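What follows is one structure encoded as structure tokens, with my remarks underneath.
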Amino acid sequence: MSKTRTNNIVLAPFLLFVVIVLSWELADKIFDFNKVILPSPSEIFLAFTENYIILFKATSITMIESILGFLLGSIIAYLLAILFLFSKTTREALYPYAIALKSTPLIAIAPLLVLWFGNGMFSKVIMSALVAFFPVLVNSVNGLNSVPKELLELMSSLSATSWKVLLKVRIPYSLDYLFSSLKIASSLAVVGAVIGEFIGSTEGIGYLINNASYYLDTSLMFAGIIMISIGGIAFFGFISYLEQKVIFWKRDK
Amino acid sequence: MDKTHIEISNLSFTYDSGIEIFKNLSLSIKKGEFISIVGPSGCGKSTLIRLIGDLLTPTRGEIKVENELNTKARKKGKFSFVFQDPVLLPWRTVEENISLPSEILISKEHYNPLELLKIVGLKDRGKMYPHQLSGGMKQRVAIARALSFKPSVLLMDEPFSAVDEFTRKILNQELLRIWNETGVTIIFITHSVSEAIFLSDRVFVLSSAPSTLKMDYHVPFSRPREKGLEESIEFIRSKKCLRQELII
């Protein structure tokens, strides 16, 4: 990528951001919006400076829940995908349930999970894991089966065991698919954790936003939303960065 | 050179779908021979080399290599494949790709990767990755990988049909040189009649399925074969003769 192009990717969204914030601030000065409905950028910034300690604490709790849930969900999904490869029966038995789970809205299960696992971090980790699980499972199954037919023939002409085929060919081939799903799962995991905090929690950014809404503290709600979206972007960005490092042959093409 | 290397007797093969590909096919191939197979598409050329290499199991009949069944020969690492798509592993360097077979067939004797790179003319590319190579170079790496464990039969399924005409000519010359240096028996599938004649000792013409051996053509040109050969009248006559056999 050329330098000018990199500059554009960073510069263009930044300029747009500046323009939106300035016009918002200006519009607020002219029309004097109700602060409860729409606070101005400067009011949001004020809310942020007054509450930055609790905002950071809440965001880090939610991010920890998201990351743990993400890891738990994707590791189980990947191991299950490998198991499916070796046992068709397992796949046929479990796949319909995985789809049923995917089709059930998380928010419908959330109260049950809080009931079972309490309103601490653990129920949020489970919630994150549940949403992260499905895309990783589907993509890993596809990825592990994406090896070209000729390569598999080559391996069998060498009398390779299925274990060696898995290690030397299938797993590396699946990484491309795996990372696409990890990017989706990273965003979903944050959603899962926040939903969990809305349903039943005494900490985290979901709790903070929900609580601020009771007090009609809209500025703080905005500050919370901005914090968690930065957290989500950073998480996504980190996974994208890892993808570039791991699948280097795709990047250089 | 006269020793029988591969003996196919009364080979029949029917796909699960019920399509009969071969019925009582018998062939014999000598050690170190270069055989090309031509035939209409769908006639089972690819199926035949997969049967020989024990990737498919015959419905009836048997295939013997050096007097033992091909199943046993495969386990000893006697067969090697090169496909139209080089199917290199993109995360491995050229050298690492070539040494893949040595990580699987541990007990067998292997060429030194560097020596092999020299043989296929890629001496200084060992540390490069496949995506940094041209199509022709990738195919050379695939050939080097195929030869790395000193197989006795090299089975090639249209290996050069995806490269341009110019590269193909060069690769043909190279392949003949490699064949000469290693003494491996080659069975080579191609769509190109002139490629088949240029390379081979014999050309097998197959009929459409269920295939029979329509013609066992002994190529009348001495070796080494020079570049100009393809323009000679005799060569064109040979081509005509084979083409006619293919059309009927």
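Keep in mind the model is a prediction, meaning the values are calculated, not measured. A note on names: the letters A, B, ... follow the listed sequences, proteins ahead of strands, and every chain is numbered from 1.
Residues B:Arg145 and A:Leu154 form a side-chain contact, since some pair of their non-hydrogen atoms from C-beta on lies under 4.5 Å apart. Residues B:Leu55 and A:Ser157 have side chains in contact (heavy-atom distance under 4.5 Å, counting atoms from C-beta outward). Between A:Met155 and B:Leu100 there is a side-chain heavy-atom pair separated by less than 4.5 Å.
Applying the salt bridge (Lys or Arg N to Asp or Glu O under 4.0 Å) rule to pairs touching residues 64-81 of chain A yields nothing, sequence neighbours excluded.
With a 4.5 Å cut-off on non-hydrogen atoms, B:Leu89 touches chain A through its side chain but not through its backbone. Both the backbone and the side chain of B:Glu103 have a heavy atom closer than 4.5 Å to some heavy atom of chain A. Proximity to chain A (any heavy atom under 4.5 Å) is restricted, for B:Ile106, to the side chain, taken from C-beta onward. If you measure heavy-atom distances from B:Tyr129 to chain A, the contacts under 4.5 Å come from the side chain alone. Both the backbone and the side chain of A:Pro172 have a heavy atom closer than 4.5 Å to some heavy atom of chain B.
Close approach to chain B, defined as a heavy atom under 4.5 Å from one of its heavy atoms, is seen in A:Lys164, A:Lys168 of residues 161-168 of chain A, taken by number. Residues of residues 69-106 of chain A never come within less than 4.5 angstrom of chain B, heavy atom to heavy atom.
More than 12 non-hydrogen atoms from other residues, nucleotides or ligands lie less than 6.0 angstrom from CG of B:Asp124. By the 6.0 Å contact criterion, CZ on B:Arg60 is open, its count of non-hydrogen atoms from other residues, nucleotides or ligands being 12 or less. More than 12 heavy-atom neighbours from other residues, nucleotides or ligands sit within 6.0 angstrom of NZ on B:Lys108.
The CZ atom of B:Phe79 sits 10.0 Å away from the OG atom of A:Ser159 when rounded to the nearest 0.5 Å.
B:Phe83 and A:Glu153 make their closest contact through CE2-OE1, 3.3 Å (heavy atoms, listed as atom of the first residue, atom of the second, distance).
With sequence neighbours excluded, the residues satisfying side chain to side chain contact (heavy atoms under 4.5 Å, CB included) with B:Pro130 are B:Leu88, B:Asn97.
Taking B:Gln84, B:Lys76, B:Lys78, B:Lys75 one by one and counting their heavy-atom pairs under 4.5 Å with chain A, the maximum is reached by B:Lys75.
A:Tyr173 and B:Trp91 have perpendicular rings, their planes meeting at more than 60° on a 0 to 90° scale where under 30° would count as parallel.
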